[in-house]
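Heads up, the thing below is written out as C-alpha cells.
Note that these values count all heavy atoms, side chains included, but never hydrogens, waters or copies made by symmetry. First the proteins, then the strands, lettered A, B, ... as listed; each starts at 1. Given the structure is predicted, the values throughout are model-derived calculations rather than measurements.
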2 protein chains.
Amino acid sequence: MRLTLYSDYSLRVLLYLSHKEETVTITELADFYKISRNHLVKVVHNLGINGFIVTSRGKHGGIRLARPAREITVGEVVRHTEPDFDLLECFNPQTDHCVISSTCSLKGVLFEARSAFINVLDRYTLADVAAPKVQAEIRSIPIIQK
Amino acid sequence: MRLTLYSDYSLRVLLYLSHKEETVTITELADFYKISRNHLVKVVHNLGINGFIVTSRGKHGGIRLARPAREITVGEVVRHTEPDFDLLECFNPQTDHCVISSTCSLKGVLFEARSAFINVLDRYTLADVAAPKVQAEIRSIPIIQK
DNA sequence: AATAACATGCATTCAGAATGAATGTTTAGG
DNA sequence: CCTAAACATTCATTCTGAATGCATGTTATT
C-alpha cells in the first residue's frame, strides 16, 4: 500500500509554498528538493489546474499558493493527486470481475478503513504540517515491517 | 492507493475456507473464482507459511484453515500479504532521500492515517466477513472517483 | 508404482509510474 | 520588437514491481 511519488511531490511543493510568500520557480523547487525537474513540471501543472496554486508565465513568473495554507487540507490534495483509491478490484465496478463481489462484505470493511484513512488526512491543513515541528516519530506503528 | 491482487486473492481463499469445513484444493479455488491457478499456488503457499492455513500434500491433500475464522482478523492477513505500507518514500529510512524528512511533520500525519486504516481492519475477523451479508454499499465515500 | 496434491524456482509478460526530451506559449524588460 | 525566462504540452523512453506462466521437485495415498 503506497501513495505515488506524484502525490509526494505535490505535497512537497505545497509545503514549500506554505513557507514562502513570494512566487517560486519550478527550477528552484527541483534544486531545493534535488528531484527530477521533469516530474515536477507535471506536478506543478496539475496543482495549477486543480486550483491549489496560481501559476504565472514569462519573466519573473512562477507559482504561489492560490489559497491560504490554513484552508488546504492534506486530504484534499491527495484526492486530486492519487490516480485512484481502489483498494481491491471490486472497488471499480467497471473493471471488477470477482465472482463473489455482489455478496461479499469485505468491500464494506475496506470502505470503512479507507474512510478512516482519508478522514485523518482531512483533519490536517498545510498550515498544520508546515508549522515548526512539534511531535512525530512518537507513534507506535502496528505494521509488520519486512 | 491500492492493495495487491495478492492480498485480494489471499482474502478470497480464506473467505472460501471459512465457509467449508473439509479441505479444498487449489484447483477447486481457481475454478470457483475463475482466477490464475499459478498465482493462487503462491498465495496458498504463503498463507501456509504464515500459519493461516494447514496444507497437506499427496492424494486427498488440500488446504484448510489453521485456526477458527473467528480468530483471524482481516488486518492480520493484510499485514502478511502486502509487500509494505510505505505510503511515502520517507517511511523507509533505508531508501529515503527526501531532504526535509528529518523535520517534516507530514510523516506523522500519514502515520496516523495509516494506523486508522489498519485499526479498522483489525476490528473485523474472517467470521465477520464470511457471515451472511448484512449491509454494505450504504456508506458514503469521501473519495473523488475520476 | 502411479497418481494427485502442494512446493519451489525461474522466466516472461504487462501495467503503470517515473523520467527525459522537445517544442509551444506567455510575459517582462531592454 | 526582440530576447530571455518562465510555465504548458505532448511524446517517447526507462524502470519497477506485480502478475502470470512453466517446469520440475517433493510428499502422501492407494
Side-chain angles (χ1 to χ4, degrees), chain A residues 1-10 12-13 17 22-31 33-50 52-64 66 81-89 92 94-95 97-98 146, chain B residues 1-10 12-13 17 22-31 33-50 52-64 66 78 81-89 92 95 97-98 146:
Chain A
M1 186 172 92
R2 293 190 178 189
L3 299 182
T4 58
L5 245 200
Y6 195 87
S7 293
D8 190 355
Y9 285 4
S10 297
R12 291 195 209 178
V13 167
L17 295 180
E22 328 86 66
T23 69
V24 307
T25 67
I26 294 178
T27 301
E28 178 182 343
L29 285 164
D31 288 348
Y33 283 116
K34 301 194 197 311
I35 59 183
S36 160
R37 192 180 177 287
N38 285 303
H39 205 179
L40 256 193
V41 163
K42 283 154 206 170
V43 165
V44 163
H45 179 55
N46 179 259
L47 287 174
I49 287 177
N50 286 303
F52 292 112
I53 62 176
V54 173
T55 66
S56 49
R57 293 179 173 186
K59 216 165 196 173
H60 301 146
I63 65 177
R64 60 180 171 78
T81 57
E82 279 297 296
D84 64 68
F85 291 87
D86 297 340
L87 291 169
L88 298 183
E89 186 184 330
N92 183 348
Q94 251 87 56
T95 55
H97 293 103
C98 181
K146 276 168 287 198
Chain B
M1 186 171 94
R2 293 190 179 189
L3 300 182
T4 57
L5 246 201
Y6 196 87
S7 293
D8 190 355
Y9 285 4
S10 297
R12 292 195 209 177
V13 167
L17 295 180
E22 328 85 66
T23 68
V24 307
T25 67
I26 294 178
T27 301
E28 177 181 343
L29 285 164
D31 288 347
Y33 283 116
K34 301 193 197 313
I35 59 184
S36 160
R37 193 181 176 285
N38 286 303
H39 204 182
L40 256 193
V41 162
K42 282 153 206 174
V43 164
V44 163
H45 179 55
N46 179 260
L47 287 173
I49 287 178
N50 287 303
F52 292 112
I53 62 176
V54 173
T55 66
S56 49
R57 294 179 174 187
K59 214 164 197 174
H60 300 146
I63 65 177
R64 58 180 173 80
V78 170
T81 57
E82 279 297 295
D84 63 67
F85 292 87
D86 296 341
L87 292 169
L88 298 183
E89 185 183 329
N92 184 348
T95 55
H97 293 102
C98 181
K146 276 170 284 198

(message) Here's a test of your reading of the structure: between A/Tyr6 and B/Gly58, which maps to the more 5' nucleotide of DNA chain C?
(response) B/Gly58
(request) Calculate the interatomic distance between A/Met1 atom CE and D/dG17 atom C1'; express it in whole Å. (result) 18 Å
(message) Nearest to the side chain of A/Thr4, heavy atoms from C-beta on, is which of D/dG25, C/dA18, C/dA28?
(response) C/dA18
(request) Return yes if some donor-acceptor pair links the side-chain N/O of A/Asn92 with the main-chain N/O of A/Gln94 below 3.5 Å, else return no. (result) yes
(request) Quickly work out the A/Asn38 CG to D/dT14 C1' distance and round it to whole Å. (result) 13 Å
(request) Provide, to the nearest angstrom, the distance between the CD1 atom belonging to B/Ile53 and the P atom belonging to C/dC6. (result) 9 Å
(message) Do A/Asn46 and A/Tyr6 make a side-chain contact, defined as non-hydrogen atoms from C-beta onward lying under 4.5 Å apart?
(response) yes
(request) Under 4.0 Å between any heavy atoms, over every strand shown, what does A/Gly62 touch: base, sugar-phosphate, or nothing? Just pick one. (result) sugar-phosphate
(request) Could you check which of D/dA19, C/dA21, C/dC6 has an atom nearest any side-chain atom of B/Thr25? (result) C/dC6
(message) If you compare every side-chain N and O of A/His60 against the phosphate oxygens of D/dA6 (OP1, OP2), does one of them come in below 4.0 Å?
(response) no
(request) Indicate yes or no for a side-chain donor-acceptor contact from B/Ser56 to the backbone of B/Gly62 under 3.5 Å, with no hydrogens or angles considered. (result) yes
(request) Ignoring hydrogens and angles, tell me if any N or O in the side chain of A/Tyr9 forms a donor-acceptor pair with the backbone of A/His39 under 3.5 Å. (result) no
(message) Using the side-chain heavy atoms of A/Ser36, tell me which of these nucleotides is nearest: D/dA18, D/dC22, C/dT19.
(response) C/dT19
(request) Report yes if a side-chain nitrogen or oxygen of A/Thr55 is closer than 4.0 Å to either non-bridging phosphate oxygen (OP1 or OP2) of D/dA8; otherwise report no. (result) yes
(request) Please evaluate the base of D/dT26 for a donor-acceptor partner in the side chain of B/Arg57 within a cut-off of under 3.5 Å? (result) yes
(request) Indicate yes or no for a side-chain donor-acceptor contact from B/Glu89 to the backbone of B/His97 under 3.5 Å, with no hydrogens or angles considered. (result) yes
(request) Find which nucleotide of DNA chain C each of B/Arg37 and A/Tyr9 is nearest to by heavy atoms, and output the residue with the more 5' nucleotide. (result) B/Arg37
(message) Rounded to whole Å, how long is the line connecting atom CD1 of A/Ile26 with atom C1' of C/dT26?
(response) 14 Å
(request) State which of C/dA4, C/dA28, D/dC7 makes the closest approach to the side chain of A/Ile63. (result) D/dC7
(request) Using atom CG of A/Leu40 as one end and atom P of C/dA17 as the other, report the distance to the nearest whole Å. (result) 17 Å
(request) Grab the CZ-P distance between B/Arg2 and D/dG17 for me, whole Å please. (result) 17 Å
(request) Using only side-chain N and O atoms of A/Ser56, determine if any of them is under 4.0 Å from OP1 or OP2 of D/dC7. (result) no
(message) So B/Leu17 and B/Val24, do their side chains get closer than 4.5 Å, heavy atoms only?
(response) yes
(request) Counting heavy atoms from C-beta on, name the nucleotide in D/dT20, D/dT30, C/dC6 closest to the side chain of B/His39. (result) D/dT20
(request) Taking only the side-chain heavy atoms of B/Val41 (C-beta and beyond), determine which of D/dA6, D/dT20, C/dT8 contains the nearest atom. (result) C/dT8
(message) Side chain of B/Lys42 only, heavy atoms from C-beta on: which candidate in C/dG9, D/dA8, C/dT19 is closest?
(response) C/dG9
(request) Would you mind telling me which of C/dG20, D/dA19, D/dA18 lies closest to the side-chain atoms of B/Leu5? (result) D/dA19
(request) Grab the CD1-P distance between B/Ile49 and C/dT8 for me, whole Å please. (result) 6 Å
(request) Using only side-chain N and O atoms of B/His45, determine if any of them is under 4.0 Å from OP1 or OP2 of C/dT8. (result) yes
(message) Can you measure B/Lys59 atom NZ to D/dT26 atom C1' for me and round it to whole angstrom units?
(response) 17 Å
